[in-house]
**Q** 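Please read through the structure below; I'll follow up with questions.
The model shown is predicted, which means the values in this text are computed figures rather than measured ones. Every chain is numbered from 1, with letters handed out A, B, ... down the list of sequences.
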Amino acid sequence: MLSYNRRENLSTMEKEGKISVHFIMELSKNFNPGEYEQKIYKKWEEGGFFAPDLKSKKKPFCVIMPPPNANGSLHVGHGVGITLEDIMIRYHRMKGEPTLWLPGADHAGFETQVVYQKKLEKEGRNWFHIPREELYKEISDFTLANKSVMENQLRRLGASCDWSREIFTLDERIIKIVLQTFKKLSDDSLVYRGERIINWCVKHQTTLSDLEVKHEEKDGTLTHIKYQIKNSDKYIIVATTRPETMLGDTAVAVNPKDKRYKNLIGKIVILPLVGREIPIVADAAVEMEFGTGAVKVTPSHDPLDFEIAQRHNLEKIQVIGQDGKMTVSAGKQYAGLKVEEARVKVVEDLRARGLIVKEETHKHAVGVCYKCNRVIEPLILPQWFIKMKSLADLAMKTVEKGEVKFVTKRFEKILFHWLKNLRDWNISRQIVWGIRIPVWYCAKTCPLIVTAGETPKKCPHCGGTELRQETDVFDTWFSSGQWPFAALQATGDFQKFYPTNVMETGWDILPFWVMRMIMLGKYITSKAPFEYVYLHGLIRDQDRQKMSKSKGNVIDPLGVVDLHGADALRMALVFGVSAGNDIVISEDKIRAHRNFANKIWNASRFVLMNLGDNFFESHCEESQTTKQSCATAGSSRFLSVGRHGARDDARLQPEDKVILKKLSEITKKVTKYLDKFEFHLAAEEIYQFFWHEFCDKYLEEVKGRLTGAIASEAKQSRRDRHTTTFVWARDDRQVTQAVLYKVLIDSLKLLHPFMPFVTEAVYQMMPKKEKEFLIIENWPV
RNA sequence: GGGCGCUUAGUUCAGUGGUAGAACGUUCGCUUCACACGCGAAAGGCCGCAAGUUCAAUCCUUGCAGCGCCCACCA
């Protein structure tokens, strides 16, 4: 027998090819994750276990990883998703299914640009002075650097995704598919370039989709202004929160049913300060109860006014520019002023003329940029839009038919609410970092040239060669909305793995991403991109607060992994958390599961010490003589303990029967819960069983029966292993050992999806393993 | 204004049409030879309020109250 000292670790053990009882006894009393995790992960990865076994005839299982934004570090939110996905993946892999977890990274267009812009600001450089190509290159380098940091963080969490297939959202193969989709939408007349009122962020100098605009309650002032009626000394009083926009007014609107104003409809008013003559129109969109019931109409700077203008064919005068300052059209005395300055000056000037009737404080929701919180300036700009109606209907039908199922039903309601209220989707962004829209403009006024990416040599309409490409890029969500089919097509796995099984992601991106994937996936491939949608909640701290850098309550997942191990973090993220609900995590909770990992470690040490050396050595010899691997010979026999009525074996003591019965029950339960996406219940069951049934009860009960086991050099039986359950079990102690072994190894398997590292570390020390690694073990039945 | 949720032990949360569950925390005892990151024991709850359906409601229905989130063109 070889002797070891406690410094020696896994690799030494493996070099020697054997593990002895003495080795186990020398192991540290506490599980030290740092000593094992990265080594184990490396072995898994090198072993190629993350790639799907394409030879398997079983039904494939596929999860597409929501590609993390490659512009920073992973946060705990990623930890939740990665853990849940990894649990599913490891479970299905152990069931022998060809299992693909496709990792990716997202260039995250606007988001990354915002991050990079901040970085430039700190360096004192001006974003807008850097040439486009240079900027693109810089952001690209930045993103790729972050991408590799992130990949290593995913490894630290234990993500068993197939790195050999990893794909980036700006991969040439992906871009090609995205452009084809745009072309198809264009051919189907689902995309158009339109001059419509859009959301403009003055800071970031780009438009945003409606979803990217947040609404904040703000205190404002409702200013009542007199507009004089032409050829009369009468006035109509309008109420507005944005007096400065009156410079761009082209009408006053009232509700057609409003008796107060009935006789004024069609009359002309003189716009104060400007002198422009504008009509009073009747429009049902005007609320009679609000303000004075008369609205000034500024088509260029207000969405509602824009619509009124469309209906009444009103002129549109832009008085605010993309720089957030008043334009020359606002008049000499206002041009160049910032909006806020102009507001003050306009009110002053009106007051000087006695045209302010009253000013009242007024709470109202103001649209702000979701990134910089700056007030959104509605402007009219030509943008690319996707028509939503037919795609939304398509998505609704897909969900109604059950082609896509939501694990948490209530999200289906929320999705429908979204789908029913969608307006056309502005997919163009005036940013650098993204996929450029494949449209070319001819120098002459020919129709636009839309391609699937190829650069046209000449204008198909006039033959002209003076063409210039659209500078706008796609909204990131336009490309990521195609991710499941695009990614699988790019890696060549589409045939086998599409549609995928589960889309696991945070509920906060239901409308941004999930909804669009259903629409675009179904539209392009005629199949829904996934069968199930599992949405997890937001992470909160013990005081139920959202985590944010400014609050200083952020938990860095890698810090936790370093301190307590990935297993502890993973378990803390699933324990006591049901689908769709917010997740409360605290240092206490993580420590509790660090303790559990340690419990697994120590219980395993105890079992291994008590198996006796015959377990470690003799059986290997036996199986070699029967030309069976050491591993197979051992465990297949043990597996029969629970399966073929061995519980009734006369040599089993009552406590043996109880624990084996419970093991069998727990195995069924955990399996059932995993199939139903009830990860927390699965985790709690196995936790409860392992700690309180196996450790607290069974291990204590059998201690007496094991006395002397360690020193024992019991001879093994050479009887045929196929005729007897416990071939080698010649006395009570040996029966106990067999039961211990069986319960431990099955527990390790059941625990593995949740806590892959401790379980694998222990498995590596197990004698008579069926497989080389636990990660590829067979799920118990 | 519209929509979606939540309310169960001190805390964070599970759960079920039929005697209330876990984790953490708390209290008391334990240097028991796997583990003090541990073991044993214990305390702790009209399952938000009211009505209804039912033989039976914490669970289903309705109303109410409190809390949270999302959406939104009352300028």
Side-chain angles (χ1 to χ4, degrees), chain A residues 24-25 27-32 197 210-211 213-215 220 222-223 238-243 245-246 249 252-253 285-298 301-308 362-365 367 378 408-418 420-421 423 507-508 510-511 537-538 540-544 546 564-565 568 571-572 575-578 580-610 678 680-681 683-685 687-688 691-692 695-696 699-700 703 706-707 710:
Chain A
I24 304 294
M25 293 178 75
L27 289 170
S28 70
K29 293 212 283 188
N30 286 343
F31 175 64
N32 178 9
I197 196 139
D210 294 338
L211 297 191
V213 176
K214 295 283 148 226
H215 291 85
L222 192 60
T223 308
V238 298
T240 180
T241 53
R242 298 197 61 187
T245 61
M246 59 87 57
D249 283 1
V252 169
V286 178
E287 297 282 337
M288 289 186 279
E289 295 74 27
F290 187 84
T292 61
V295 188
K296 55 187 272 320
V297 180
T298 321
H301 302 290
D302 183 277
L304 179 66
D305 294 6
F306 177 82
E307 281 174 24
I308 293 175
H362 172 62
K363 260 202 168 119
H364 62 149
T408 309
K409 205 72 179 164
R410 75 167 198 272
F411 289 118
E412 202 174 292
K413 288 190 205 166
I414 296 174
L415 177 73
F416 279 124
H417 189 249
W418 273 104
K420 279 176 200 147
N421 293 296
R423 295 195 293 170
W507 59 252
D508 50 323
L510 172 68
L538 246 53
R540 296 176 181 278
D541 68 10
Q542 63 269 34
D543 302 320
R544 291 211 53 105
K546 262 190 206 176
H564 299 302
M571 201 61 171
F575 212 84
V577 176
S578 58
N581 287 350
D582 287 352
I583 299 160
V584 177
I585 189 157
S586 60
E587 189 70 26
D588 273 352
K589 196 171 174 188
I590 295 163
R591 208 178 298 118
H593 291 287
R594 187 269 322 257
N595 294 353
F596 181 49
N598 196 50
K599 191 74 184 175
I600 295 170
W601 175 253
N602 279 299
S604 304
R605 272 201 317 135
F606 176 78
V607 170
L608 289 168
M609 278 184 230
N610 284 292
E678 294 178 313
H680 61 293
L681 295 180
E684 282 160 21
E685 286 292 346
Y687 179 100
Q688 200 62 23
W691 197 319
H692 301 301
C695 296
D696 291 351
L699 291 190
E700 294 303 323
K703 273 180 178 170
L706 290 164
T707 313
I710 299 167

**Q** Given B/C73, B/A22, B/C74, which nucleotide is nearest the side-chain atoms of A/F575?
**A** B/A22
**Q** Under the rule for side chain to side chain contact (heavy atoms under 4.5 Å, CB included), what residues qualify as partners of A/V607, not counting sequence neighbours?
**A** A/L611, A/F694, A/L699, A/L740, A/L744
**Q** For A/Q688 and A/V584, take the nucleotide of RNA chain B holding the closest heavy atom to each; which residue's nucleotide lies nearer the 5' end?
**A** A/V584
**Q** OP1 or OP2 of B/G38 versus the side-chain N and O atoms of A/W691: is any pair under 4.0 Å?
**A** no
**Q** May I ask you to verify if any side-chain N or O of A/T240 is less than 4.0 angstrom from the OP1 or OP2 atom of B/A75?
**A** no
**Q** Is there a side-chain polar atom (N or O) of A/N581 under 4.0 Å from OP1 or OP2 of B/A14?
**A**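 Yes, such a contact exists.
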**Q** Answer yes or no: does a side-chain N or O of A/H692 lie under 4.0 Å from OP1 or OP2 of B/A22?
**A**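 No, no such contact exists.
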**Q** Which part of the nucleic acid, if any, lies within contact of A/W418, taking any heavy atom under 4.0 Å across all strands shown: a base, the sugar-phosphate backbone alone, or nothing?
**A**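 Answer is sugar-phosphate: A/W418 comes under 4.0 Å of backbone atoms only.
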**Q** Touch check for A/N30, heavy atoms < 4.0 angstrom, all strands: base, sugar-phosphate only, or nothing?
**A** base
**Q** Name the nucleic acid region contacted by A/Y687, choosing base, sugar-phosphate or nothing; use a 4.0 angstrom heavy-atom cut-off, strictly under.
**A**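 The answer is sugar-phosphate, as A/Y687 gets under 4.0 Å only of primed atoms, P, OP1 or OP2.
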**Q** Could you tell me how far apart A/K589 (NZ) and B/A23 (C1') are, to the nearest whole angstrom?
**A**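 So the two atoms are 8 Å apart, to the nearest Å.
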**Q** Quick one: sort the A/F411 and A/W507 rings into parallel, tilted or perpendicular, breaks at 30° and 60°.
**A**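 Parallel.
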**Q** Measure the distance from CZ on A/F31 to P on B/G38 and round it to the nearest whole Å.
**A**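 To the nearest whole Å, that distance equals 15 Å.
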**Q** Measure from CZ on A/F606 to C1' on B/C39 and round the result to the nearest Å.
**A**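 Spelled out: CZ on A/F606 to C1' on B/C39 is 14 Å.
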**Q** Is a side-chain donor-acceptor pair under 3.5 Å present for A/H417 with A/E412?
**A** no
**Q** Quantified in whole Å, what is the C1' atom distance between nucleotide B/C69 and nucleotide B/G63?
**A**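 Here B/C69 and B/G63 have their C1' atoms 23 Å from each other.
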**Q** Using a heavy-atom cut-off of under 4.0 Å over every strand shown, decide if A/A239 touches base, sugar-phosphate, or nothing.
**A** base
**Q** Looking only at side-chain N and O atoms, does A/H301 come under 4.0 Å of OP1 or OP2 in B/C73?
**A**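 The answer is no; no side-chain N or O of A/H301 sits under 4.0 Å from OP1 or OP2.
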**Q** Using the P atoms only, state how far B/A23 lies from B/C73, rounded to an integer number of Å.
**A** 48 Å
**Q** Between A/A603 and A/D582, who's closer to the 5' end of RNA chain B by nearest nucleotide?
**A** A/D582
**Q** Could you tell me the Watson-Crick or G-U partner of B/U53, where both distances fall under 3.5 Å? Say none if there is no partner.
**A** none
**Q** Does OP1 or OP2 of B/C73 have a side-chain N or O of A/H364 closer than 4.0 Å?
**A**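 False: A/H364 side-chain N/O out of range (4.0 Å or more) of B/C73 OP1/OP2.
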**Q** Quote, to the nearest angstrom, the P distance that separates B/A65 from B/A22.
**A**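 Here B/A65 and B/A22 have their P atoms 36 Å from each other.
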**Q** Taking atom types as they are modelled, is there a donor-acceptor pair under 3.5 Å from the base of B/A36 to the side chain of A/K29?
**A**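 By the distance-only test, no, there is no pair.
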**Q** Once hydrogens and angles are ignored, does a donor-acceptor distance under 3.5 Å link the base of B/C4 to the side chain of A/R410?
**A**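 For A/R410, whose side chain was compared with the base of B/C4, there is no donor-acceptor pair (under 3.5 Å).
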**Q** With a cut-off of less than 4.0 Å, is there a side-chain N or O of A/K296 near OP1 or OP2 of B/A75?
**A** no
**Q** Give a yes or no on whether a donor-acceptor pair under 3.5 Å exists between the nucleobase atoms of B/A34, that is its base, and the side chain of A/E700.
**A** yes
**Q** Roughly how many Å apart are B/A43 and B/G25, using the C1' atom of each and rounding to a whole number?
**A**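 After rounding to an integer number of Å, I get 13 Å for this pair.
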**Q** Indicate, with a heavy-atom threshold strictly under 4.0 Å, whether A/G576 touches base, sugar-phosphate, or nothing.
**A** sugar-phosphate
**Q** Between A/H680 and A/E685, is a side-chain hydrogen bond (donor to acceptor under 3.5 Å, both in side chains) present by the stated rule, with each step listed?
**A** CA-CA 9 Å; A/H680 61 293; A/E685 286 292 346; over 6 Å; no
**Q** OP1 or OP2 of B/C39 versus the side-chain N and O atoms of A/K599: is any pair under 4.0 Å?
**A**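 Yes, such a contact exists.
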**Q** Could you tell me the separation between the CD atom of A/E684 and the P atom of B/A14, rounded to a whole number of Å?
**A**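 It is 9 Å, rounded to the nearest whole Å.
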**Q** Please verify the inter-ring angle class for A/Y687 with A/W691; under 30° counts as parallel, over 60° as perpendicular, anything in between as tilted.
**A**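 The arrangement is tilted - the two ring planes meet at 30° to 60°.
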**Q** In whole angstrom, give me the gap between the C1' atoms of B/A36 and B/G29.
**A** 14 Å
**Q** Is any side-chain nitrogen or oxygen of A/H417 closer than 4.0 Å to OP1 or OP2 of B/A72?
**A**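 Checking B/A72 against A/H417, no side-chain N or O comes under 4.0 Å of OP1 or OP2.
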**Q** With a cut-off of less than 4.0 Å, is there a side-chain N or O of A/K413 near OP1 or OP2 of B/G5?
**A** yes
**Q** Using a cut-off of strictly less than 4.0 Å, decide whether A/N595 has a side-chain nitrogen or oxygen near OP1 or OP2 of B/C35.
**A** no
**Q** Measure from CG on A/D696 to C1' on B/A41 and round the result to the nearest Å.
**A** 13 Å
**Q** Over how many whole Å does the gap from A/I583 atom CD1 to B/C6 atom P extend?
**A** 16 Å
**Q** For A/I585, report the nucleic acid contact type (base, sugar-phosphate, nothing); a contact means any heavy atom under 4.0 Å.
**A** nothing
**Q** Can you tell me how far P of B/A23 sits from CD of A/E685, to the nearest Å?
**A** 12 Å
**Q** If we take the C1' atom in both B/C60 and B/G18, what is their distance in whole Å?
**A**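 That atom pair is separated by 15 Å.
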**Q** May I ask you to decide if A/H301's main-chain N or O and A/T298's side chain share a donor-acceptor pair within less than 3.5 Å?
**A** no
**Q** Distance to the ring centre below 6.0 angstrom and angle to the axis at most 45 degrees; does that hold for A/K703 and A/F606?
**A** yes
**Q** Rounding to an integer number of Å, can you tell me how far A/R594 CZ sits from B/G38 C1'?
**A**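 Nearest whole value for this atom pair: 12 Å.
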**Q** Tell me whether A/E684 contacts the main-chain N or O of A/G576 through its side chain, where contact means a donor paired with an acceptor under 3.5 Å.
**A** yes
**Q** How far does the P atom of B/C4 sit from the matching atom of B/G40, given to the nearest Å?
**A** 48 Å
**Q** Taking only the P atom of each, what is the distance from B/U61 to B/C6 in whole angstrom?
**A** 11 Å
**Q** So, is A/K409 close to the B/C4 phosphate, meaning a side-chain N or O under 4.0 Å from OP1 or OP2?
**A** no
